[in-house]
Amino acid sequence: MSTAAPISVETAPAAAVAPAELRRLPVLQPVAPGPVAKADSIVAFALRQLGTNYCYAGITPEGGFDCSGFVLYVFARYGVATPHSTALLIDVGRPVARTEARPGDIVVFTGTAATSTTPGHAGIVISRPGEPIRFVHASSARRESGVKISQVEGTGYERRFMQVRRML
């Protein structure tokens, strides 16, 4: 049995730790990031999907996304379950005031029909509180479909706005 001082993983060079000593070292579990760090990661990952094709019922970058499939894919990457249904996204997490929307929140809109009152579209907020709400989403728009960034204020999304939901 060795009488040498314990070796710290933080200070010992890799070559200085013998394989037998490595087996005795405690297994360190990664620390789960807090809500803000996770939200920033979610937004960064969502933005990496920009330009991905739109596909009805799609849930992968290879096949394309619909709006709820995009939200599902991005949040699932970070272990946060969301439904693949915009109608159900209106009930996930907790509601927050529009003025308090922050990166990583989900924003839900009605469908495109002028008389629609039910959820029909969703995206992920990328703007900070106090800024006009900008969000990344999978759009089926004829002119520019696919994953893109849009703004609520001053656009057709303002009329269709329903709610902001906080998942984290």
Side-chain angles (χ1 to χ4, degrees), residues 28-114 116-168:
L28 301 176
Q29 298 298 320
V31 176
V36 172
K38 188 178 263 192
D40 288 343
S41 296
I42 284 170
V43 167
F45 184 67
L47 292 173
R48 286 200 298 272
Q49 311 311 312
L50 285 170
T52 301
N53 291 330
Y54 177 85
C55 176
Y56 177 76
I59 59 170
T60 66
E62 297 79 21
F65 296 112
D66 68 4
C67 66
S68 61
F70 173 69
V71 171
L72 171 108
Y73 177 79
V74 171
F75 277 87
R77 171 90 147 107
Y78 296 91
V80 180
T82 63
H84 187 199
S85 163
T86 306
L88 297 176
L89 283 173
I90 196 74
D91 294 321
V92 299
R94 64 182 173 89
V96 294
R98 183 172 164 169
T99 56
E100 298 301 315
R102 67 180 186 208
D105 287 345
I106 295 172
V107 61
V108 181
F109 305 93
T110 64
T112 55
S116 180
T117 59
T118 59
H121 190 62
I124 300 170
V125 174
I126 62 171
S127 53
R128 303 272 174 216
E131 297 176 349
I133 297 176
R134 292 178 36 243
F135 61 103
V136 59
H137 60 121
S139 170
S140 64
R142 287 188 185 120
R143 279 189 333 186
E144 189 184 344
S145 69
V147 177
K148 64 182 185 178
I149 296 171
S150 296
Q151 180 170 308
V152 173
E153 290 76 12
T155 70
Y157 289 109
E158 191 161 30
R159 174 188 62 80
R160 296 171 51 200
F161 176 85
M162 289 187 79
Q163 208 170 72
V164 175
R165 306 296 297 189
R166 180 141 313 139
M167 295 295 295
L168 307 173

* To do: Show your reasoning for whether side chain to side chain contact (heavy atoms under 4.5 Å, CB included) applies to T86 and T118.
  => CA-CA 9 Å; T86 306; T118 59; over 6 Å; no
* Is a donor on one side and an acceptor on the other found under 3.5 Å between the side chain of T155 and the backbone of V152? -> yes
* Which atom pair, heavy atoms only, marks the closest approach of P61 to T52? -> O-CG2, 3.5 Å
* **Verdict with supporting geometry, F70 and Y54, ring-ring contact (aromatic ring centres under 6.0 Å, His included)** => CA-CA 9 Å; F70 173 69; Y54 177 85; over 10 Å; no
* How many angstroms lie between atom OG of S116 and atom CZ of R159, to the nearest 0.5 angstrom? -> 8.5 Å
* With sequence neighbours excluded, give me every ring-ring contact (aromatic ring centres under 6.0 Å, His included) pair touching residues 142-167. => F109-Y157, H121-Y157, F135-Y157, H137-Y157
* Can you check whether V136 reaches V43 side chain to side chain, under 4.5 Å on heavy atoms? -> no
* Structure fact -> Heavy-atom nearest pair, A57 first then D66, reads N-OD2, 3.0 Å
* Structure fact -> Value for SG (C67) from OH (Y56), rounded to nearest 0.5 Å, stands at 10.0 Å
* **G69 versus I59, closest heavy-atom pair with distance** => CA-CG2, 3.8 Å
* To the nearest 0.5 angstrom, please state how far the OG atom of S150 sits from the CD1 atom of I133. => 12.5 Å
* Which atoms form the tightest heavy-atom contact between H84 and G58, and what is the distance? -> NE2-O, 4.0 Å
* CE of M167 to CD1 of I124: how many Å apart, nearest 0.5 Å? -> 10.5 Å
* Asked: Can you name the residues that form a side chain to side chain contact (heavy atoms under 4.5 Å, CB included) with L168, not counting sequence neighbours?
  -> P35, K38, A39, I42, V80
* Structure fact -> Value for CG (D105) from CZ (R166), rounded to nearest 0.5 Å, stands at 4.0 Å
* Roughly how far, to the nearest 0.5 Å, is OG1 of T110 from CE of M162? -> 7.0 Å
* To do: With side chain to side chain contact (heavy atoms under 4.5 Å, CB included) as the test, would you mind laying out the steps for V164 and E100 before giving the verdict?
  => CA-CA 9 Å; V164 175; E100 298 301 315; over 6 Å; no
* Asked: How close do I126 and P103 get, heavy atom to heavy atom, and via which atoms?
  -> O-CG, 3.9 Å
* Structure fact -> Between Q151 and E153, the two heavy atoms sitting closest are NE2-O, 3.2 Å
* Side chains of E144 and S139: closer than 4.5 Å at any heavy-atom pair? -> no
* Take atom CD1 in I90; do more than 12 heavy atoms of anything else shown fall under 6.0 Å from it? -> yes
* Evaluation steps, side chain to side chain contact (heavy atoms under 4.5 Å, CB included), between V96 and R102 -> CA-CA 10 Å; V96 294; R102 67 180 186 208; over 6 Å; no
* **Within-4.5 Å side-chain heavy-atom neighbours: P95 and R165** => yes
* Would you indicate whether the side-chain heavy atoms of T99 and P129 approach each other to under 4.5 Å? => no
